[in-house]
Q: 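Got a structure here, written out as structure tokens. Questions coming.
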Amino acid sequence: MPHDLTGGVSLVTGANGYSGLNLCRYLASMGVETRGLAYAPEGMPEAGGGVEYVAGDVRDRESVRRALDRVNTVFHLAALYRPTNVTKR
């Protein structure tokens, strides 16, 4: 049985990336209320359909908590692909 995406918000992590942006576009085109968690949402290309972008980092618990408000489905696409994205500790 397919998962029902109505009645809440679908959160897409990694909305800055190619896959995340295109998933946001697809969900919005299907009428799903969509929120994209983006590391730097300013300057994001328009996803259309009223996708809400929120600034956040999946490594930051508080930004994830804020992004999860009213969310019933999470599509976790965020990843560290390049060494330049990795914080040196």
Side-chain angles (χ1 to χ4, degrees):
M1 173 179 262
H3 183 72
D4 183 10
L5 297 178
T6 61
V9 177
S10 289
L11 175 67
V12 178
T13 68
N16 288 79
Y18 178 83
S19 297
L21 175 63
N22 282 291
L23 180 57
C24 285
R25 287 176 173 159
Y26 174 76
L27 291 171
S29 76
M30 299 301 291
V32 175
E33 189 175 354
T34 306
R35 181 177 301 144
L37 182 64
Y39 188 74
E42 58 278 349
M44 290 282 299
E46 178 58 42
V51 173
E52 173 194 8
Y53 289 113
V54 294
D57 186 330
V58 294
R59 300 171 293 175
D60 176 45
R61 188 176 300 229
E62 284 307 310
S63 68
V64 172
R65 278 192 184 138
R66 286 189 303 272
L68 286 171
D69 183 45
R70 298 184 314 109
V71 167
N72 67 351
T73 305
V74 175
F75 295 90
H76 180 50
L77 301 178
L80 298 174
Y81 287 109
R82 297 172 203 87
T84 56
N85 290 345
V86 179
T87 304
K88 295 180 182 177
R89 295 179 189 201

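These values consider heavy atoms only, across backbone and side chains, with no hydrogens, waters or symmetry-generated copies. Along the sequence shown, residues carry numbers from 1.
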Q: To the nearest 0.5 Å, how far apart are CG in Leu21 and CG in Asn16?
A: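 The distance works out to 9.0 Å.
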Q: List, one per line, each side-chain donor-acceptor pair under 3.5 Å for residues 67-78, sequence neighbours excluded.
A:
unit_1, atom_1, unit_2, atom_2, d
Arg70, NH2, Glu33, OE2, 2.8
Asn72, ND2, Thr6, O, 3.4
Thr73, OG1, His3, NE2, 2.8
His76, ND1, Thr13, OG1, 2.8

Q: Restricting to non-hydrogen atoms, name the atom on Ser10 and the atom on Leu27 that form the minimum distance, rounded to 0.1 Å.
A: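 The pair with the smallest heavy-atom distance is CB-CD1, 4.3 Å.
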Q: Listed by chain and number, what are the side chain to side chain donor-acceptor pair (under 3.5 Å) partners of Asn22, not counting sequence neighbours?
A: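 Partners of Asn22 by the side chain to side chain donor-acceptor pair (under 3.5 Å) criterion come out as none, since no residue qualifies.
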Q: Is there a side-chain contact between Val9 and Thr34 (heavy atoms, below 4.5 Å)?
A: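 No, side chains not in contact.
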Q: With heavy-atom distances below 4.5 Å as the criterion, would you say the side chains of Leu11 and Leu37 are in contact?
A: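 The answer is yes; the side chains approach within 4.5 Å.
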Q: Restricting to salt bridge (charged side-chain N to carboxylate O under 4.0 Å, His left out), what partner residues turn up for Asp60, sequence neighbours left out?
A: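 Partners of Asp60 under the salt bridge (charged side-chain N to carboxylate O under 4.0 Å, His left out) test: none.
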Q: Which heavy atom of Gly36 sits nearest a heavy atom of Val51, and at what distance?
A: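 Closest approach of Gly36 to Val51, heavy atoms only: N-CG1, 4.2 Å.
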Q: Could you list the residues that satisfy salt bridge (charged side-chain N to carboxylate O under 4.0 Å, His left out) with Arg61, not counting sequence neighbours?
A: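 Not a single residue meets the salt bridge (charged side-chain N to carboxylate O under 4.0 Å, His left out) criterion with Arg61.
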